[in-house]
Amino acid sequence: MENLDWKNLGFGYRKTGDNVRCYFRNGQWGELEISSSEFINIHISATALHYGQEAFEGLKAFKGKDGKVRIFRMDENAKRMQDSCDGILMQKLPVEKFMEAVHLAVKKNIEFVPPYESGAALYIRPLLIGTGPQIGVKPAEEYLFIVFVMPVGPYFPEGFKPTDLVIMRKYDRAAPQGTGKYKVGGNYAASLVEGEKAKEGGFSAVLYLDSKEKKYIDECGPANFFGIKNNTYITPLSDSILPSITNKSIMKLAEGMGLKVERRKVPYEELSDFEEVGACGTAAVISPIKRIYDADYDVEFNYGSEPGKWSTKLYNKLRAIQYGDAPDNYGWVRFVE
Ligand SMILES: *Cc1c(COP(=O)(O)O)cnc(C)c1O
């Protein structure tokens, strides 16, 4: 295995070994196929290219002290991709097939799973696209599912570090009854303008309010939002939020630590009451937030430059389960055989 600088990988595309593919043709899913190519050859009229029939997933595999490789909650990603398929009328890949493909992709690239000491992980990217040709607006008759992987560095190489978010009411990520709750590329295309603007201003992401009334907190561009106060973990309930598996896991762990957990509408005004706030998702697990800047009213909410007590506990606990340092009491981990 080439000598990768495991600690300074960052988060970006990197060529690894084989990827796994599966085609839906003639009304059925075929067998899993192995490919060493980074490219696909698709029809110029594929629905993914014109009408956005595209959904993706993101999950990670971790190498433990014991040398074993663990994949975190891939059944949840499999189910969520099925929900995305329902949302944009794509053929659903069976959950078992999804898990088999992920397992195979990791196994084929086992030498790319970063060592335990590095704090890095193997990022797994499943992707499903409409490949059948259509020029009228309707769902494709053919689909391609791909899983590829790449090692990614620790999200916080210098340690768990709080960042800043920005609120800009001029932009919506998703419509209230739209596709916000599905993990589809279209949502991301729609968020690039404000995402880049946020980065130019030194913010890590946009914090979106609900698109209809701009009264409640929705989520961050690529991560869910939570706030903690009075020993209560609070995360927004909304039809346009992507149901984060990390958030779902943290809610379980929070309960286990004796925190109350509330999933409900979170009014904007409540931002001034939280003792800790954070963003959560597969990439960072938890990004503590030190400041939320409301660019429309030039108001800011400050939460201190050190990660909060509960955020730190939750972060450490979830990472410990992922790396096998803490017992997997909820059955979240699958070993790569
Ligand atoms: C993927 C994603 C998340 C995080 O979900 P995880 O399952 O925790 O990785 C949050 N918000 C959006 C919009 C996402 O696409």
Side-chain angles (χ1 to χ4, degrees), residues 11 52 54-62 71-85 87-88 95 98-99 102 121-128 147 149-150 152 155 163 165 171-176 178-195 198 204-211 217-227 233 235-254 261 263 266 277-289 311 314-315 317-319 321-322 330 332-334:
F11 189 90
E54 187 272 348
F56 67 98
E57 276 300 328
L59 65 161
K60 280 179 174 173
F62 306 84
I71 308 177
F72 189 69
R73 302 198 81 172
M74 64 169 157
D75 52 324
E76 290 290 332
N77 295 90
K79 286 184 262 175
R80 189 168 67 187
M81 179 164 264
Q82 289 197 331
D83 291 341
S84 297
C85 289
I88 58 169
V95 167
F98 178 103
M99 296 201 293
V102 167
L122 188 74
Y123 184 74
I124 306 164
R125 169 53 61 89
L127 175 75
L128 203 160
V147 184
V149 302
M150 73 211 71
V152 294
Y155 201 81
T163 60
L165 298 180
Y171 302 100
D172 293 329
R173 187 188 79 92
T179 56
K181 58 180 176 291
Y182 306 122
K183 208 167 179 75
V184 297
N187 294 338
Y188 279 79
S191 72
L192 288 175
V193 169
E194 59 271 27
S204 67
V206 176
L207 177 61
Y208 292 94
L209 301 183
D210 78 279
S211 302
I217 308 298
D218 229 47
E219 66 170 323
C220 308
N224 278 186
F225 176 87
F226 68 84
Y233 178 94
T235 192
L237 181 67
S238 149
D239 278 341
S240 50
I241 290 181
L242 194 281
S244 154
I245 297 162
T246 311
N247 199 3
K248 190 171 168 177
S249 310
I250 293 172
M251 285 189 256
K252 261 264 175 307
L253 297 178
V261 172
R263 252 185 98 213
V266 178
V277 303
C280 59
T282 294
V285 179
I286 286 175
S287 297
I289 307 303
S311 302
L314 290 163
Y315 173 83
K317 180 73 188 226
L318 188 52
R319 299 245 314 166
I321 295 172
Q322 292 173 328
Y330 302 105
W332 286 343
V333 156
R334 299 257 180 144

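Whatever order the structure lists them in is the order used to number ligands and atoms, beginning at 1. Values reported hereafter were calculated over all heavy atoms of this structure, with side chains retained and with hydrogens, waters and symmetry mates removed.
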Q: Enumerate the atoms of ligand 1 whose separation from the nearest heavy atom of Ala223 is less than 4.0 angstrom.
A: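 Answer for ligand 1: 10 (C), 11 (N).
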Q: Can you find a pair of side-chain heavy atoms, one from Leu253 and one from Tyr330, that are under 4.5 Å apart?
A: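 Leu253 reaches Tyr330 side chain to side chain.
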Q: Considering only heavy atoms of Glu219, which atoms of ligand 1 have at least one such atom less than 4.0 Å away?
A: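 In order of numbering, the contacting atoms are 10 (C), 11 (N), 12 (C), 13 (C).
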Q: Is the backbone N or O of Ala174 less than 3.5 Å from a side-chain atom of Ser211, with the two atoms forming a donor-acceptor pair by type?
A: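 It does hold such a pair.
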Q: Starting from atom 9 (O) of ligand 1, locate the nearest protein heavy atom and write down its residue, its atom name and how far away it is, to 0.1 Å.
A: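 Protein heavy atom with the smallest distance to atom 9 (O) of ligand 1: Thr282 OG1, 2.6 Å.
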Q: Test of understanding: given a 4.0 Å heavy-atom threshold, classify the contact between Asn187 and ligand 1 as side chain, backbone, both, or neither.
A: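 Neither; nothing of Asn187 gets under 4.0 Å from ligand 1.
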Q: Suppose we measure from atom 1 (C) of ligand 1 to each protein heavy atom; which comes out shortest, and what is that distance?
A: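 Going atom by atom, the protein heavy atom closest to atom 1 (C) of ligand 1 ends up being Lys183 NZ, 1.3 Å.
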Q: Quick check on side chain to side chain contact (heavy atoms under 4.5 Å, CB included): which of Thr282, Leu318, Leu59 does Phe72 satisfy it with?
A: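 Of the listed options, the one satisfying the test is Leu318.
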Q: Would you say ligand 1 has an N or O under 3.5 Å from any N or O of Ile245?
A: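 Yes; the residue has a nitrogen or oxygen that sits under 3.5 Å from a nitrogen or oxygen of the ligand.
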Q: Do the non-hydrogen side-chain atoms of Leu165 and Val206 ever get within less than 4.5 Å of each other?
A: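 A side-chain contact under 4.5 Å is absent here.
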Q: Is Asn77 reaching over with its side chain to a backbone N or O of Gly58, donor-acceptor style, under 3.5 angstrom?
A: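 Such a contact is found between Asn77 side chain and Gly58 backbone.
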Q: Hey, does the side chain of Asp239 reach the backbone of Lys181 with a donor-acceptor pair shorter than 3.5 angstrom?
A: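 No, the answer is negative, given that no donor and acceptor are paired below the 3.5 Å cut-off.
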Q: Is the shortest distance from a Lys or Arg side-chain nitrogen in Glu194 or Arg173 to a carboxylate oxygen in the other one below 4.0 Å?
A: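 Answer for the salt bridge query: no.
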Q: Answer yes or no for Arg80: is there a heavy-atom contact with ligand 1 below 4.0 Å?
A: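 For ligand 1, residue contact (heavy atoms, under 4.0 Å) with Arg80 is present.
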Q: Quick one: look up the protein heavy atom nearest atom 3 (C) of ligand 1 and list residue, atom name and how far away it is.
A: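 Ranked first by proximity to atom 3 (C) of ligand 1 is Pro222 O, 3.4 Å.
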Q: Tell me whether Ser84 contacts the main-chain N or O of Lys183 through its side chain, where contact means a donor paired with an acceptor under 3.5 Å.
A: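 Checking the backbone N and O of Lys183 against the side chain of Ser84, a donor-acceptor pair under 3.5 Å is found.
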Q: Under a 4.0 angstrom heavy-atom cut-off, which atoms of ligand 1 come close to Arg173?
A: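 Taking each heavy atom of Arg173 in turn, ligand 1 has 13 (C) under 4.0 Å.
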Q: Using heavy-atom distances, let me know which of Ala174, Ser84, Ala205, Ser244 sits nearest atom 4 (C) of ligand 1.
A: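 Answer by nearest heavy atom: Ser244.
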Q: Which atoms of ligand 1 have any heavy atom of Gly221 under 4.0 Å away?
A: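 Counting atoms of ligand 1 from 1, those under 4.0 Å from Gly221 are 13 (C).
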Q: At less than 4.0 angstrom from any non-hydrogen atom of Tyr188, what atoms of ligand 1 do you find?
A: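 Near Tyr188, meaning under 4.0 Å from one of its heavy atoms, ligand 1 has 2 (C), 12 (C), 13 (C), 14 (C), 15 (O).
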